[in-house]
Enquirer: 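Pasting in a structure now, in structure tokens, and then I'll have a few things to ask.
Hydrogens, waters and symmetry mates are skipped; everything else that's a heavy atom, side chains included, is used. Everything numeric in this text was worked out from a predicted model, so none of it was measured.
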Amino acid sequence: MKNLNKLSYSVKNRLMLIAMLIAECIIFSSLTPYFFKLDNLLPVGREVATLGIVAIGQVLCILTAGFDLSVGGTAAMAGVVVGVMCSPKRLALPYGVGLAAGLGVALLIGVINGFLITRVKILPFIATMAMNFVLGGAVILITKQPITCNTPAFKFIGATTFGSIKFPLPIITLVLLYILFAYILKYTIFGRHLYCAGGNPQAAKVAGINVDNVKFWAYTLSSVLSGFAGIQLASRIATSNPNIGGSYSMESIAAAVLGGTSLSGGEGNIWGAFLGVLVTGILSNGLIMLGISQAWRDIATGVVLILAIILQISSEGKKS
């Protein structure tokens, strides 16, 4: 027990998440024999892939002691832009043009968020929440109905599978993005500055770090990642839906915090967020298979998040 108490918070957090994953798998596999079949696990992976990409950007923002509440609106907007550009019933432009336009819109959203937060000095909570309202209205003005597009190019990044088991491309994309951003956070100047800017902004400024510039790029990257996630989801279901992404803000924050990213900034790990996404994704899938309603799934996710925050607060209290 003494050895357990000596472990760092990040290690304790990962051990807790791994234990939760094992417990979920044992419980759900005992309650339904279908749980561990590939026909169930691979679709879970596809579902997790979308939220997992959004969660990467959320981690970047939370590391700066803020968070991005516009990720859902950004995902919906990027997906709809690609649908409008590429659908045979709309503009019928080449997919490359639509993809560039969707990611370009997401980039613009991130630039505006970053400008409002770092130059106008609006709190991230207010700036990104306002942006989410704007995007929610704008996407409905563009199209009130889902846009279907079944062209092979449109479906490639979200619906492509490999091999006899039909392993989904979105899972591969998710893992590659986590490897990339794990490297960025650990080995690049931007990654080090991100931790410094969130952990102690005053000391970071004294050390010559442009804290505003770091925050600007964190929110810009978050929007681009959310936009890509929305485009990938639209590709997977062959439909650009203006109503998607409503829960992405809270779910991505939950995954990041579950993974050990401190809400006070400056502490967190990208692989912890990966585990957090798996915990919430498997929990939701298992409850769906058991016929549990969405209301109880939300309650279960909230309880898990509260436990993670209690562990976080307890660990920070012991440090001080």
Enquirer: Side-chain contact test, heavy atoms from C-beta onward, threshold under 4.5 Å: evaluate it for Ile112 versus Ile109 and give yes or no.
Expert: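 Answer no - side chains too far apart.
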Enquirer: Apply ring pair (Phe, Tyr, Trp, His ring centres under 6.0 Å) to the pair Phe167 and Phe162, showing each step before the final yes or no.
Expert: CA-CA 5 Å; Phe167 194 85; Phe162 299 98; 8.1 Å; no
Enquirer: How far does NZ of Lys155 sit from OH of Tyr95, to the nearest 0.5 angstrom?
Expert: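 OH of Tyr95 is found 12.5 Å from NZ of Lys155.
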Enquirer: Look at the side chain of Ser235 and the backbone N and O of Gly158, then say whether any donor-acceptor pair between them is shorter than 3.5 Å.
Expert: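 Yes; judged by distance alone, with no hydrogens or angles, the pair exists.
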Enquirer: Donor-acceptor pair, Ser30 side chain versus Ile27 backbone, under 3.5 Å?
Expert: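 Yes, Ser30 side chain to Ile27 backbone: donor-acceptor pair under 3.5 Å.
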Enquirer: Restricting to non-hydrogen atoms, name the atom on Pro88 and the atom on Cys149 that form the minimum distance, rounded to 0.1 Å.
Expert: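 Shortest heavy-atom contact: CD-SG, 3.9 Å.
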Enquirer: In terms of hydrophobic clusters joined by side-chain contacts under 4.5 Å, are Met20 and Val44 together?
Expert: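 As far as the 4.5 Å side-chain criterion goes, Val44 and Met20 are connected within one cluster.
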Enquirer: Do Thr261 and Asn269 have side chains that get closer than 4.5 Å, going by heavy atoms?
Expert: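 No, too far: nothing below the 4.5 Å cut-off.
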Enquirer: Take atom CD1 of Ile189 as the centre, draw a 6.0 Å sphere, and report whether it contains more than 12 heavy atoms from other residues, nucleotides or ligands.
Expert: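 Not buried by this count: 12 neighbours or fewer within 6.0 Å.
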Enquirer: For the residue pair Thr128 / Asn113, report whether a side-chain donor-acceptor contact shorter than 3.5 Å exists.
Expert: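 No, because no side-chain N or O of Asn113 sits under 3.5 Å from a partner of the opposite role on Thr128.
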Enquirer: Counting distance only, does the side-chain N/O of Ser87 pair as donor-acceptor with the main-chain N or O of Val84 below 3.5 Å?
Expert: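 Here the side-chain-to-backbone pair does not exist.
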Enquirer: To the nearest 0.5 Å, how far apart are CG in Leu99 and SG in Cys86?
Expert: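 One gets 8.0 Å once the value is rounded to the nearest 0.5 Å.
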Enquirer: Honestly curious: do Ile237 and Val82 fall in one hydrophobic cluster under the side-chain, below-4.5 Å linking rule?
Expert: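 Not linked; separate clusters.
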Enquirer: According to a 4.5 Å side-chain heavy-atom criterion applied to Ile, Leu, Val, Met, Phe, Trp and Tyr, with indirect links allowed, do Leu51 and Ile288 form part of one hydrophobic cluster?
Expert: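 In one cluster: no.
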Enquirer: Could you report the tightest heavy-atom contact between Ile62 and Ala256, atom names first, then the distance?
Expert: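 For Ile62 versus Ala256, the nearest heavy atoms are CD1-CB, 3.7 Å.
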Enquirer: Describe, in one word, how the ring planes of Phe35 and Phe28 are oriented to each other, choosing from parallel (under 30°), tilted (30 to 60°) and perpendicular (over 60°).
Expert: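 Phe35 vs Phe28 ring planes: tilted.
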Enquirer: Would you compute the distance between atom CD of Glu47 and atom CG of Leu42 and round it to the nearest 0.5 angstrom?
Expert: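 So the gap between those two atoms works out to 12.5 Å.
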Enquirer: Roughly how far, to the nearest 0.5 Å, is the NZ atom of Lys215 from the OG1 atom of Thr118?
Expert: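 The OG1 atom of Thr118 sits 9.0 Å away from the NZ atom of Lys215.
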Enquirer: Distance only, no hydrogens: is a donor on one side chain within 3.5 Å (strictly under) of an acceptor on the other, for Glu267 and Ser262?
Expert: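 No - no donor-acceptor pair under 3.5 Å links their side chains.
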Enquirer: Determine, stepwise, if the pair Val111 / Tyr219 fulfils side-chain contact (heavy atoms from CB on, under 4.5 Å).
Expert: CA-CA 7 Å; Val111 167; Tyr219 283 91; over 6 Å; no
Enquirer: Hydrophobic cluster membership, with links at side-chain heavy-atom distances under 4.5 Å among I/L/V/M/F/W/Y: are Ile140 and Tyr248 in one?
Expert: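 No, Ile140 and Tyr248 fall in different hydrophobic clusters.
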Enquirer: Evaluate whether atom NZ of Lys89 has more than 12 neighbouring non-hydrogen atoms of other residues, nucleotides or ligands under 6.0 angstrom away.
Expert: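 No.
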Enquirer: At their closest point, which heavy atom of Asn150 faces which heavy atom of Ala238, and how far apart are they?
Expert: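 Smallest heavy-atom distance, with atoms named: OD1-CB, 3.4 Å.
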Enquirer: For Arg192 and Tyr187, which heavy atoms make the closest approach, and how far apart are they?
Expert: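 Distance-wise, the nearest heavy atoms are NH1-O, 3.6 Å.
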Enquirer: Decide yes or no for Ile253 and Leu69: does some side-chain heavy atom of the first lie under 4.5 Å from some side-chain heavy atom of the second?
Expert: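 Of all side-chain heavy-atom pairs linking Leu69 with Ile253, at least one is under 4.5 Å.
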Enquirer: Could you walk me through whether Leu233 and Asn241 pass the side-chain contact (heavy atoms from CB on, under 4.5 Å) test, one step at a time?
Expert: CA-CA 9 Å; Leu233 175 60; Asn241 192 335; over 6 Å; no
Enquirer: Just wondering, more than 12 heavy atoms not from Phe190 lying within 6.0 Å of its CZ?
Expert: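 Correct, the count exceeds 12.
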Enquirer: Answer yes or no: is there a donor N or O on one side and an acceptor on the other, between the side chain of Ser223 and the main chain of Thr220, under 3.5 Å?
Expert: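 Not a single qualifying donor-acceptor pair exists.
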Enquirer: What verdict does the side-chain contact (heavy atoms from CB on, under 4.5 Å) test give for Ile299 and Trp296, after you've listed the backbone C-alpha separation in whole Å, the side-chain angles of each residue and the deciding distance to 0.1 Å?
Expert: CA-CA 5 Å; Ile299 290 171; Trp296 285 107; 3.8 Å; yes
Enquirer: Within the 4.5 Å heavy-atom criterion, are Ser240 and Pro146 side-chain neighbours or not?
Expert: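 Side chain of Ser240 against side chain of Pro146, heavy atoms only: no contact under 4.5 Å found.
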Enquirer: Search all heavy atoms of Arg90 against all heavy atoms of Ile142 and return the closest pair with its distance.
Expert: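 Closest pair (atom of Arg90, atom of Ile142, distance): NH1-O, 4.2 Å.
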Enquirer: Calculate, to the nearest 0.5 Å, the distance between atoms CE and CD1 belonging to Met131 and Ile126 respectively.
Expert: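 If we round to the nearest 0.5 Å, Met131:CE and Ile126:CD1 are 13.5 Å apart.
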Enquirer: Counting heavy atoms not belonging to Gln145, are there more than 12 under 6.0 Å from its CD?
Expert: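 No.
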Enquirer: For Thr161 and Leu169, run side-chain contact (heavy atoms from CB on, under 4.5 Å): C-alpha distance rounded to whole Å, both residues' side-chain angles, the deciding distance at 0.1 Å, then the answer.
Expert: CA-CA 6 Å; Thr161 58; Leu169 176 60; over 6 Å; no
Enquirer: Within the supplied structure, the quantity of interest is the number of heavy atoms (other residues, nucleotides, ligands) at a distance under 6.0 Å from Tyr183 OH; does it exceed 12?
Expert: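 Not more than 12 within 6.0 Å, no.
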Enquirer: Quick one: does Tyr178's side chain get under 4.5 Å of Ile53's, heavy atoms only?
Expert: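 A side-chain contact is absent here, since even the closest heavy-atom pair is not under 4.5 Å.
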Enquirer: Between Asp212 and Lys205, is there a side-chain N and carboxylate O pair less than 4.0 Å apart?
Expert: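 No salt bridge links Asp212 with Lys205.
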Enquirer: Considering only heavy atoms from C-beta outward, does the side chain of Tyr195 approach that of Leu185 to under 4.5 Å?
Expert: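 Yes. Closest side-chain heavy atoms under 4.5 Å.
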Enquirer: For the pair Ser70 (side chain) and Asn132 (backbone), establish whether a donor and an acceptor sit closer than 3.5 Å, ignoring hydrogens and angles.
Expert: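 Not at all, since once roles are kept as given, no pair shorter than 3.5 Å links the two residues.
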Enquirer: Side-chain contact test, heavy atoms from C-beta onward, threshold under 4.5 Å: evaluate it for Ser222 versus Leu60 and give yes or no.
Expert: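 Side-chain contact under 4.5 Å: no.
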Enquirer: When rounded to the nearest 0.5 angstrom, what is the spacing between NE2 in His193 and CD1 in Ile209?
Expert: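 The CD1 atom of Ile209 is 4.0 Å from NE2 of His193, to the nearest 0.5 Å.
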Enquirer: Is there a chain of hydrophobic side chains (I, L, V, M, F, W, Y, each step under 4.5 Å between heavy atoms) that links Val211 to Val59?
Expert: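 No: no chain of side-chain contacts under 4.5 Å links Val211 to Val59.
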Enquirer: Can you pull out every side chain to side chain donor-acceptor pair (under 3.5 Å) where at least one residue sits in residues 275-287? Sequence neighbours excluded, please.
Expert: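 Applying side chain to side chain donor-acceptor pair (under 3.5 Å) to every pair that reaches into residues 275-287, excluding sequence neighbours, yields Asn40-Asn285.
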Enquirer: Would you say the side chain of Ile157 lies within less than 4.5 Å of the side chain of Ile231, judging by non-hydrogen atoms?
Expert: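 They are in side-chain contact.
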Enquirer: For the backbone of Ser247 and the side chain of Ser249, can you confirm whether one donor and one acceptor N or O come within less than 3.5 Å of each other?
Expert: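 Side chain of Ser249 to backbone of Ser247, a donor-acceptor pair under 3.5 Å: no, none is there.
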